[in-house]
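Data first, discussion second: the structure below is written as structure tokens.
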Amino acid sequence: MGILKLFRGKAAPQAPAIDRPVPRHIAVIMDGNGRWAKKRGMPRSYGHAVGAETFRTIATYCKDIGVQYFTVYAFSTENWKRPKEEVDALMDLFRKYLKEAAETMFQRGVAVRVLGDLTPLPADIRAQIAEVDEIADSLGPDAATASLCINYGGRDEIKNAVRALAREVQAGTVSPEDITEDSIAAHLYTAHMPDPDLIIRPSGEIRTSNFLLWQSAYSEYYFTEVLWPDFSTADMDRAIDDFNRRARRFGGV
Ligand code: FPP
């Protein structure tokens with residue numbers, strides 16, 4: 001089946017009647033694609049392709065239930081170390097799917113954004129990301145946002161913010177005492193959005209893997225054994241229900 005056909009094939013779920021609070025910002029480490037494909041005797045790239053479809057379904061569902069920001073880890077600064085064949089397959093997936101996803105999600109009122117250091121990406125993908133940005137801009141600043149982190153690393157992001165601030169100090173526009181937590185946050189890729197309330201990691205792994213290091217200081221984590229390609233709207237409901245049972249104290253009592 002052609003990849004675009006695969007993505008067009010599934011209808012997005014209808015908005016359910018919601019009578020519970022939802023987090024403002026949910027982030028996901030989309031893990032388990034490789035194992036999901038292996039269990040079916042398929043190449044890892046197939047798991048990523050089905051994982052990309054899950055992204056579209058879950059991002060649209062989040063918008064339907066009132067989640068304002070949905071952010072996923074699609075390709076880390078460390079993922080370049082994977083076999084060339086797998087890196088190429090992921091780049092092909094971005095190439096074939098990014099703009100298509102942005103257009104179909106636009107029709108449902110979801111603005112797709114890409115976060116990360118985009119400079120090492122192939123030029124045609126960077127050009128597509130610029131088009132995706134234009135589509136998102138046309139939805140206006142209040143649209144629900146689904147962000148894909150590509151060539152993203154939490155430490156790399158903080159390093160880039162420190163470099164930018166150092167340049168401002170060097171230029172004399174900022175003094176070291178002016179550097180605050182807010183000014184650091186304003187130099188991160190997520191400058192325009194609140195920190196994630198809930199971070200979900202499927203596939204049974206229990207670590208953060210360099211995802212949203214600064215932003216996750218007070219995030220609640222939810223871990224599940226479900227592999228990302230199998231992650232359903234019911235799994236999202238379970239994660240949100242679990243989140244709603246927690247008492248967030250942000251360091252207070
Ligand atoms: C981790 O699973 C997943 C990735 C490294 C890639 C995630 C990317 C996508 C789902 C593609 C998204 C693209 C678009 C355009 C929405 P893994 O390979 O580490 O799985 P494993 O732990 O089972 O090996």
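Note that the structure is a prediction, hence the values are computed from the model and not measured. Both counts, for ligands and for their atoms, begin at 1 and track the order of listing. Side chains are part of it too, since the values below use all heavy atoms of this structure and drop only hydrogens, waters and symmetry mates.
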message = Evaluate C62 against Y69 for side-chain contact (heavy atoms from CB on, under 4.5 Å), listing each step before the verdict.
response = CA-CA 8 Å; C62 280; Y69 299 94; over 6 Å; no

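Cation-pi geometry between R82 and W80 is not satisfied (NZ or CZ under 6.0 Å from the ring centre, within 45° of the ring normal).
The ring-ring contact (aromatic ring centres under 6.0 Å, His included) test applied to F211 returns Y73, not counting sequence neighbours.
Cluster note: L139 groups with F106, I135 through ILVMFWY side-chain heavy atoms spaced under 4.5 Å, whether in direct contact or through intervening members. Other cluster members for L213: I158, V162, L165, V169, V174, I179, I184, L188, W214, joined by side-chain heavy-atom distances under 4.5 Å among Ile, Leu, Val, Met, Phe, Trp and Tyr.
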Close N/O pairs between ligand 1 and protein, under 3.5 Å:
residue  : atom   : partner : partner atom : Å
ligand 1 : 2 (O)  : D31     : OD1          : 3.3
ligand 1 : 2 (O)  : G32     : N            : 3.4
ligand 1 : 18 (O) : R44     : NH2          : 2.8
ligand 1 : 18 (O) : R82     : NH1          : 2.8
ligand 1 : 19 (O) : D31     : OD1          : 3.3
ligand 1 : 19 (O) : R82     : NH2          : 2.8
ligand 1 : 20 (O) : G32     : N            : 3.3
ligand 1 : 20 (O) : N33     : N            : 3.3
ligand 1 : 20 (O) : G34     : N            : 3.1
ligand 1 : 22 (O) : D31     : OD1          : 3.1
ligand 1 : 22 (O) : R35     : NE           : 3.4
ligand 1 : 22 (O) : R35     : NH2          : 2.9
ligand 1 : 23 (O) : G34     : N            : 3.3
ligand 1 : 23 (O) : R35     : N            : 2.7
ligand 1 : 23 (O) : R35     : NE           : 2.8
ligand 1 : 24 (O) : R44     : NH1          : 3.0
ligand 1 : 24 (O) : R44     : NH2          : 3.0

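Atom CZ of R246 sits about 8.0 Å away from atom CZ of F243, to the nearest 0.5 Å.
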